[in-house]
Protein chains: 2
Amino acid sequence: MDQDVVIVGDWGTSRLRLWLRQGKAVIHRRDGPGVSALTDTPEKTFLDLVGDWREANPARAVMCGMVGSRIGWREAAYAPCPAGVADVADKALSFEADGLPVTLVPGLSCVNPLGGPDVMRGEETQVFGALSLNLALKTGRHLLVLPGTHNKWTVVEDGKVAGFVTAPVGETFALLKQHSTLAAGGGARVDGSAEGFARGLARVAEHGAARLTHLMFETRARQLLDGMSPADAMGYLSGLLVGADVAAARDWFGPMDAVTVIGAGGLCDLYVQALAQAGVQAATVDGDAAVLAGLAAISKSREA
Amino acid sequence: MDQDVVIVGDWGTSRLRLWLRQGKAVIHRRDGPGVSALTDTPEKTFLDLVGDWREANPARAVMCGMVGSRIGWREAAYAPCPAGVADVADKALSFEADGLPVTLVPGLSCVNPLGGPDVMRGEETQVFGALSLNLALKTGRHLLVLPGTHNKWTVVEDGKVAGFVTAPVGETFALLKQHSTLAAGGGARVDGSAEGFARGLARVAEHGAARLTHLMFETRARQLLDGMSPADAMGYLSGLLVGADVAAARDWFGPMDAVTVIGAGGLCDLYVQALAQAGVQAATVDGDAAVLAGLAAISKSREA
């Protein structure tokens, strides 16, 4: 086996992304089904996808995400916070698949800042990746946010994840857009507009996150009474939900200097805009770059 | 025709309830499909259902609800707030169906106390019914709440609806329960427990309505980490949503003396419990009694 060649992957609920790396270079990338959409066992699915990559003699495969959950391949127990790269590497689950060593990164559990329990799986790898891409984040206290189906507000202290809280903003928005009367005017079939999003942000900024439940129905009433278009209405609803998430986080974390937003371009932009509306500066880190850097850091720590 | 005999109905999105009345007595009750579940035209559906009641020579039919909307039989334009029984009766839409005079009660529109637009259809009739069942509500300022798919917080001033705000609490809960990862542990198939509901209420009371987005995911985390049962988890989620709705309303309306809760038993009880948690007393009015009393009041006002 070539110790310099590794397979790394992010295997989530809805998709699998695999990369074949040699040193710091990515040689190939391949996509597959998420763990909730498998038509075969995780092992068979994985081995089929990486079949021809085995010719490069990879030393091992390291993967993060829901693959390490109860609904995944095997369960890697959560590492409790505070947790750094070394803690996660220590708790990783290793086994062999057709002779290839496979390591599954554990998720993190914590008592969130509101005193309740919380969990993440996959995002911890992106957080550690962001820390290795931006060394300034490795010392002191920083707030990072990973927007998505389950948005994760994450506090890092001296290179360790101190705690986090999950806001199911993306999931709630998707359900309301697909199924609710708020989208009955045709919203399910259109993308939210930027103008609608900005109006939603402004509206929740005006009244505060506590009023979210009482502002949401305006999405429908504005279509019925004011002729708001479905695209503007869906943007408006998104702006209300994201704006309330950011406003609540701002109150909760106190004054923020700058927030690091990790993820794909479009979604990051919405959070950057919402943070700006709340008077907070933001820096962005590409989600793919973060996951690759994080898997490299965990893999390296495991070797050490 | 017998002026003393009337058909009254509440024809909503998901169900139709019809009553044949003689004076103050209900002679028959019959149920049918909501306007979103029709297999025939509204006219044909209605005439088929009331066919044999025509032998009693009813003078007219008066119906409220979505039957008067764009997706109903014919559209009865919203009456703007402030609006009393006479205003609603004036704006009602009348026509004939197979020789029977039919009147559709209009909904109400308003600028809500947050300065946004809002609408209701059907609930106005229950509100006017509650006022005719409890004369103490006819003078002064009162807050009424009608829990449901779209919860309506309604302010009545000297017998008129001054304004209202809609919180889509029931719809949001149903979507999360049916489709979200918060219910992935089996929540979709069980009823929420009373114990879980009380815990959710207490949790949101502790942290405030602004934290709702950041508390919701605990529904999942408590199942994963603390072994919370699906029934307790669904109760917990319901408690969070209802608790946040009540807490926000309380801040918004200022100190409340007592709130009138209108609706079916089980749902009313949840709101009474949430209001008690917020230190507010509540009185309840049965939803069926309210709609019958409201239709009678509107019908009478139209005759006058």
Side-chain angles (χ1 to χ4, degrees), chain A residues 13 36 69-71 78 107 109-119 149-153 165-169 171-172 174-176 178-182 184 203 206-226 228 241 244-245 247-249 251-252, chain B residues 13 36 69-71 78 107 109-119 149-153 165-169 171-172 174-176 178-182 184 203 206-226 228 241 244-245 247-249 251-252:
Chain A
T13 306
S36 69
S69 76
R70 282 175 214 180
I71 61 163
Y78 296 107
S109 63
C110 75
V111 175
N112 73 31
L114 302 175
D118 214 329
V119 290
T149 302
H150 294 159
N151 183 27
K152 306 282 178 182
W153 292 94
V165 75
T166 303
V169 173
E171 183 168 31
T172 305
L175 287 175
L176 292 170
Q178 283 305 313
H179 301 290
S180 82
T181 53
L182 306 183
R203 187 89 177 113
E206 185 187 353
H207 290 289
R211 296 294 178 283
L212 175 63
T213 307
H214 295 163
L215 292 171
M216 281 164 60
F217 194 73
E218 289 183 9
T219 303
R220 172 136 180 85
R222 289 183 189 280
Q223 291 178 81
L224 285 170
L225 297 180
D226 301 345
M228 182 182 257
L241 290 169
D245 181 21
D251 286 353
W252 178 49
Chain B
T13 305
S36 69
S69 75
R70 284 175 212 178
I71 61 163
Y78 296 106
S109 63
C110 76
V111 175
N112 72 31
L114 303 175
D118 214 328
V119 290
T149 303
H150 294 159
N151 184 26
K152 306 281 179 183
W153 292 94
V165 74
T166 303
V169 173
E171 183 168 30
T172 303
L175 287 174
L176 292 170
Q178 283 304 313
H179 301 290
S180 82
T181 53
L182 305 184
R203 186 89 178 113
E206 186 186 351
H207 291 287
R211 296 293 178 283
L212 174 62
T213 307
H214 295 164
L215 292 171
M216 279 164 61
F217 194 73
E218 288 183 11
T219 303
R220 173 136 180 84
R222 288 183 190 279
Q223 291 178 83
L224 286 170
L225 297 180
D226 300 345
M228 182 182 257
L241 291 169
D245 181 23
D251 285 353
W252 176 51

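Every chain is numbered from 1 and lettered A, B, ... according to where its sequence line falls, protein lines coming before strand lines.
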Peer 1: Using non-hydrogen atoms only, which part of B/A247 is less than 4.5 Å away from chain A: side chain, backbone, both, or neither?
Peer 2: neither

Peer 1: Atom CG of B/L175 and atom CG of A/L182: how far apart are they, to the nearest 0.5 Å?
Peer 2: 9.0 Å

Peer 1: Tell me, please, which residues at least two apart from B/H150 pass ring pair (Phe, Tyr, Trp, His ring centres under 6.0 Å).
Peer 2: A/F217

Peer 1: Contact between A/L224 and B/R70 at the side-chain level, heavy atoms closer than 4.5 Å - yes or no?
Peer 2: yes

Peer 1: Nearest 0.5 Å, please: how far is CG in A/D118 from CG in B/L225?
Peer 2: 8.5 Å

Peer 1: One pair to check against side chain to side chain contact (heavy atoms under 4.5 Å, CB included): A/L114 and B/R211. What are the steps and the verdict?
Peer 2: CA-CA 9 Å; A/L114 302 175; B/R211 296 293 178 283; 4.1 Å; yes

Peer 1: What I want to check is whether the side chains of B/D245 and A/H214 have a donor and an acceptor closer together than 3.5 Å.
Peer 2: yes

Peer 1: Let me know if A/A249 has heavy atoms under 4.5 Å from chain B in its side chain, its backbone, both or neither.
Peer 2: both

Peer 1: Which atom names give the shortest non-hydrogen contact between B/P117 and A/A221, and what distance separates them?
Peer 2: O-CB, 3.4 Å

Peer 1: For the residue pair A/E171 and B/H179, what are the closest heavy atoms and their distance?
Peer 2: OE2-O, 4.3 Å

Peer 1: Does the side chain of B/E218 reach to within under 4.5 Å of the side chain of A/N112, using non-hydrogen atoms?
Peer 2: yes

Peer 1: Need one label for B/L212: side chain, backbone, both or neither, based on atoms under 4.5 Å from any heavy atom in chain A.
Peer 2: side chain

Peer 1: Find the one option among A/P113, A/A209, A/G208, A/A174 whose heavy-atom pairs under 4.5 Å with chain B are most numerous.
Peer 2: A/A209

Peer 1: Among B/V169, B/I71, B/T149, B/T181, who wins on heavy-atom pairs under 4.5 Å with chain A?
Peer 2: B/T181

Peer 1: Do B/T172 and A/M216 have side chains that approach each other closer than 4.5 Å (heavy atoms only, starting at C-beta)?
Peer 2: yes

Peer 1: As an exercise: rank A/V165, A/L215, A/T166 by heavy-atom pairs under 4.5 Å with chain B and give me the winner.
Peer 2: A/T166

Peer 1: Side chain, backbone, both or neither: which part of B/D226 has an atom under 4.5 Å from a heavy atom of chain A?
Peer 2: side chain

